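Residue numbers run from 1 in the order of the sequence given. Owing to the predicted nature of the structure, the values given are computational and were not obtained by experimental measurement.
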Amino acid sequence: MLNLPKKIYFMQANLIKKNFFINNYYLFKNKLCDLFLIDGPPFANGNFHIGHILNKTIKNILINTFYLDNIVLLSNSGSDCHGLPIEQLNKINNFFFLNCRNFVCKNIQSQKISLNNFYFLNKYYLYNTMEPRYESLQYKFFNYLLIKNIVNIENIPILWCFKCISSLSYSEILYKKINSSSFYIKIKFEIYYIIIWTTTLWSLINNQAIFFTNNIFYIIYKTKKNYLVFSKKIFYKLLKILKLKGKIFSFLKGCYFFLKKYNLFFKKIINFFKKNNVLINNYYIDKNIGSGFIHCSPSNGIEDYELFKNKNNINNFYNKKYIIKHLKIFNKINLFYFNKILYKFLKKRNILLKKEKIIHNFMFCWRHKKPIFYYLSKQIFLNLNFFYKKKNIKIILLNLIKKINFFPKFIIKNLSNMIYNRSNWCISRQRYWGIPIVLNKINNSFYKNISKNFSSHILFYLKKINQNIFDVWFDSSIISILFNNKKIIIEGKDQIRGWYQSILIVNFFCYFKTNIKKIISHNFCIDKNGNKLSKSSKNYKSLKYILNTNSNEIVKLYLLEHDFTKNIIFDNNIIKNSYFTYIVIRNFIKFLVNNLYSFNFKNINLLLFDYWIIIKQKKIEKIIKKLLLNFNFYNSIKIIKLYISFINLNYFNYLKNNIYICKKFSYIRNSSLFTIFNILSFLKRILFPILYYTSIELNNLFNYYYNNKKKIFFSFFLKLKKIINKNIFFFKKIKILKKIKNDIFYFFFEKIFFLNFYWNWFKYKFYHKKKIKKNFCYISKNFIYKNFFFYKKKTCKICLLNIFHNYQEIRFYV
């Protein structure tokens, strides 16, 4: 009778049809880990896309790998409820704050449903930044910063988008090359005319100084009408551009212009410009471009602002929508329209010498793809040049960052350079939807108690407050204060410029240490054209559409098969490549489970080759654990594939003969079933982080078939007892194998191969022709003498030797 496989396990997972329930941490008896995994909260302004799922799968695998060692890694799952994207989707009216809150609550529920479809475990601590307790904690921390005099208020030009009427950070800017025009303008200085060069003609209305350099020489060039002054180094270049005709009159050194006054051409039109502005020395002027003189408008440029001395007396004639204010002639005129008016005015008065086209990088908003300009406004900063015991805090922070482990390692250079070049960290935004900033220390503690019971948005109704709210990065980074133990952070590459810096600065000012052990960053999911999948561009398909065509395990397996330090191309048609690996794993498990029946647990007796496979599994498991903890997921999946192909090619030919032909309770069949049991338990452990559903499905099968029999509980690698018989091809004890070194072990295998080959050749040449009386073995198709072992069971030594027919392949994989 052949022992054919039973249909116990099916290949199809049918995850869409099955209702599968997961407890968050179903064994709290295990040890708690000292580390804590912080989840950077995503915006609650829409549904998740595949980029969020990539982030959550990396976090989930880390939790599952810790759980394999009976350690519970706690983590949180949050949602960011404030910010400009939510405000733009809701109109500002009487019920603005209620509409925003309802909109956020709906999105949080939809995001929870999409995460539950993927069966993630990181849900220990749920929070959102709109909770009253969270907002009161934020006021408490901000009050602490006010008392320590770390908070600074400064009137400074910031990057401003006039379309969304909001300030932007450097991480929210796109640079594009454009064809713009540069202008050469003459301005009266004593008897002469200074030539200034600018690319922003509209900023001349905010002109307050002209920059020159002390060290270089300037030429006074005489033409028919007037005397022009410009740099000596660009003499021949300017003659070609401006097409000047005349001769050199004299030379001047740059120190002659120090604190000299000049008259702007607006003097006759606007009464404000009757005062004379001053020339200021500047060493940072590019000497190969322009004319040696650059006009300074400190309200429209950060470089001009830093070099301008009288920072308390900076003028700005543009409002938030970049419309001119406080001037009757040009009142309520747009920036772009004013640029055209000013060009015509300069041309008629013969003030404009030349208009030239140049190609250069210009700033654009990443949301609207509209141009960005600098706007002068009051901002609230955290001072990073704060001194503690005559030591600069920034240098202490940079030394603490060096102790953090980064993956990949190039992040540490980018992050430390960004912090080193910063003098402060801006925490304010000029918007409505957010937590309002209260700068009075007494009011701050009072509003903290209000926000425990009510939302902070009630402050807009209690008292008219300036439209300053906390920055979203500062808002979400305060969650790290709650957990004093060391933390792991896993977020996208774009958070290096924002959230990573905010969480390091907040932790440092709170505990005077970072409390962060490891920072991991991954790249983006992109489409076929190479564009990043994002909510703003809406170039992605919903998760419902993806899950209707694919199971969640295949989607996660596709993401893990790729290196997440590089961009992952995601398309619904490309996912079909990962079907093959999933089918191979499921078919492999199907064959093993369907053949695992009538197994005798009492008499576990192993053959040599079976025992060798069980030992090699331990080494493979250690390698895979190291790869998972080092976030090399794609290499761990490759090793699992190689392991399955190795057993399919080298072991299954031997296994099928033992399982199908031998008797049900024979020693040979029982040893091969024991290896099947160990292979399945090995797969159950390895696939737990990667393919969660299949590992739990295997666990349920083990519980169903083997826990009922005398309540025997098996470890993943069973303690082997009573390994059988006196024959050479069996071992009584494990200690004998441990004493044998690897070289002797391989030499022993080689001798068996050598004997096997020549024995078969000699047998077929001589013994078969003489027709000596002997029995026939139906497994190896050879003849057996009576004195051979296993004579009663009709199995021969040669049959056992045939298991080593692919020794060279085994040695290659080892």
What's the verdict on side chain to side chain contact (heavy atoms under 4.5 Å, CB included) for N55 and H52, showing C-alpha distance, side-chain angles and the deciding distance?
CA-CA 5 Å; N55 186 2; H52 296 97; 5.6 Å; no
Any ion pair linking K684 and E697 (charged N to carboxylate O, less than 4.0 Å)?
no
Could you tell me whether R429 and E87 make a salt bridge, using a distance below 4.0 angstrom between a side-chain N and a carboxylate O?
no
When you measure from the side chain of [X] to the backbone N and O of [Y], does any donor-acceptor pair fall under 3.5 Å?
| X | Y | answer |
| --- | --- | --- |
| E553 | Y693 | yes |
| Y579 | N550 | no |
| T129 | C81 | yes |
| S480 | I503 | no |

Less than 4.5 Å apart, any side-chain heavy atom of [X] and any of [Y]?
| X | Y | answer |
| --- | --- | --- |
| Y582 | L691 | yes |
| F631 | I61 | no |
| I686 | L683 | no |
| V555 | L543 | no |
| S416 | K402 | no |
| W425 | F509 | no |
| L482 | F36 | no |
| R422 | Q501 | yes |

Could you label the plane-to-plane angle of the Y692 and F688 rings as parallel, tilted or perpendicular, counting under 30° as parallel and over 60° as perpendicular?
tilted
Classify the angle between the aromatic ring planes of F633 and F564 as parallel (below 30°), tilted (30 to 60°) or perpendicular (above 60°).
tilted
When you look at L559 and C525, which way does the side chain to side chain contact (heavy atoms under 4.5 Å, CB included) test go after all the steps?
CA-CA 9 Å; L559 294 170; C525 288; 4.2 Å; yes
Whether K176 engages the ring of F364 as a cation-pi pair (distance to the six-membered ring centre under 6.0 angstrom, angle to the ring normal within 45°) should be assessed.
yes
Test: ring pair (Phe, Tyr, Trp, His ring centres under 6.0 Å). Region: residues 531-560. Which pairs qualify, not counting sequence neighbours?
H49-Y540, Y558-H562, Y558-F570
Test N523 against N567 for side chain to side chain donor-acceptor pair (under 3.5 Å), laying out the working first.
CA-CA 5 Å; N523 269 35; N567 288 331; 3.2 Å; yes
